[in-house]
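Working notes, beginning with the structure itself.
Residue numbers begin at 1 in each chain, while the letters A, B, ... track the order of the sequences. Note: hydrogens, waters and symmetry copies are ignored here, and every other heavy atom, side chains too, is used.
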Protein chains: 2
Amino acid sequence: MSARLGVVSVVQAMIYDLRSRIFDGEIPPGTPLGEVDMAAHYGVARPTAKAALENLVASGLLTRNAHQSARVTVLDSADARDIYQTRAIIEAEAVRLLASTGHVPQAAHEANAQITALADASPAQIIEPDLKFHAALVNALDSARTSAIYAQLSDEIRLCMTHVQDATLLSTENIAAEHQRLLDQINSRDAQGAASTLADHLGRASKKLEAHLDLIQQNGK
Amino acid sequence: MSARLGVVSVVQAMIYDLRSRIFDGEIPPGTPLGEVDMAAHYGVARPTAKAALENLVASGLLTRNAHQSARVTVLDSADARDIYQTRAIIEAEAVRLLASTGHVPQAAHEANAQITALADASPAQIIEPDLKFHAALVNALDSARTSAIYAQLSDEIRLCMTHVQDATLLSTENIAAEHQRLLDQINSRDAQGAASTLADHLGRASKKLEAHLDLIQQNGK
DNA sequence: AGGTCAATATTGTCTAACAAGTACACATGC
DNA sequence: GCATGTGTACTTGTTAGACAATATTGACCT
């Protein structure tokens, strides 16, 4: 009787819904999520809520110390730096491999076209297609485990974005232009150049993000 | 009253013990691990055993379909290829970054010395220091998330080894020599050369592993 | 004001039970 | 003999309630 699409178990449904609420900013970083509260909110037993929370803790979205309520993970500038360093490692090698064959993923093209189309939209709407663009580069490697690792990393990147919500990190045109340059370099089999462009692109974004998080932490304190 | 070192919870103790038994080959791939059986074996409640099994499923050591007993994951040649491709991506960028500064991690040196010392030992004893060598390269990047990802990947590499147990995949001297060459290239800041050496090193190991797994699968069928 | 201690709240784990789904074996029909 | 269908047994999924262990918080005392 349960729906075949989307949800197969109660726990998975809870995980999916909590993820959405966290990414949408409905549950801001630092919010405590007690097991009993969650169980009551979703009308499930405590062990079920516990399982869902533990899953989210494992994926990094929630943080928990022993005998304390799980909280939505609060990221500082050091975390952002680490996250961007990690994604840079994976993406750098990805673009090198793609450049070695000159194959430009169709999905990356399409994602960048979406970004260009959103030229004057609100900054927050750029996040999704931007993530899609970068994920397309990694997914083009056709490695299930690499894609899975990057997907998990994407969750933490998304979580970063909820911290800075309204701030425009980079102008839309610049992002789209840099992406296009990256694709061109891949297409012309310039591995070293593509890796360099990507490193600059991510390094710049990381620096802005780190500065912003430092600012927030200072204000909050 | 609980020991501060090693184990903090019953679930974690179960996870630790099961991991050891799987890596030691005591529980070979394909073995079904029912929740009730595990609960009885460890003298814990079923929900506790369930939590431990779910953790191992998440880390890839166990595989489970809905309403079926979890089994120790059986890897085929395609899995081995994917695992080695994934580690190659991370390690390749790692050695490139290390070569850009010319910094050779001390831990990598020590691990390779261990391998050299084991020249005429049983092949299985080479696995641990070899994993330590490669992990040292990644850990030298000083990125918590990158190290965590690689640690998880190391578990699957270990699981690969349990499939081929007694077979000598590569001679000890060759491995140590290739490792040394890699360290020399990092030291001389030859990023491209180091990446190339690593790709060859892993590619060769992957091919041997894939062939072996194909052979096993054919015999088992 | 600072430190100690107790009350509180939360998680960690267990027992017991029912519901739901899958796999296997058996019987049946062709 | 073989394919098909059915039913049973086994396993997991989820719930409920309870007790133990621990971290936090506030009150109390010095």
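Ring geometry, His179(B) versus His134(B): the interplanar angle exceeds 60°, so the pair is classed perpendicular (tilted spans 30 to 60°).
A close approach under 4.0 Å does occur between a side-chain nitrogen or oxygen of Ser69(B) and OP1 or OP2 of dT12(D). Residue Gln68(B) has no polar side-chain atom (N or O) positioned under 4.0 Å from OP1 or OP2 of dT12(D). Note on Lys50(A): a side-chain N or O is less than 4.0 Å away from OP1 or OP2 of dG12(C). At the phosphate of dT15(D), OP1 or OP2 sits under 4.0 Å from a side-chain N or O atom of Thr48(A).
In this model, no side-chain donor or acceptor of Arg46(A) finds a partner on the base of dG17(D) within 3.5 Å.
Counting to the nearest Å, the P atom of dG12(C) and the NE2 atom of His67(A) are 6 Å from each other. The OH atom of Tyr42(A) sits 19 Å away from the C1' atom of dT15(D) (whole-angstrom rounding). When the P atom of dG12(C) is taken as reference, atom CG of Leu53(A) falls 10 Å away, rounded to whole Å. As a whole-Å value, the separation of Arg64(A) CZ from dA9(C) P is 19 Å. Residue Glu35(B) contributes atom CD, which lies 14 Å from atom C1' of dT22(C) at whole-angstrom precision.
Salt bridge annotation for Glu93(B)-Arg96(A): present, with a cationic side-chain nitrogen under 4.0 angstrom from a carboxylate oxygen.
The residue among Ala66(A) and Val36(B) whose nearest nucleotide of DNA chain D lies closer to the 5′ end is Val36(B).
For the pair Val11(B) and Asn55(B), the minimum side-chain heavy-atom distance is 4.5 Å or more.
Remark: Ile89(B) CD1 to Gln85(B) CD distance equals 5.0 Å, nearest 0.5 Å.
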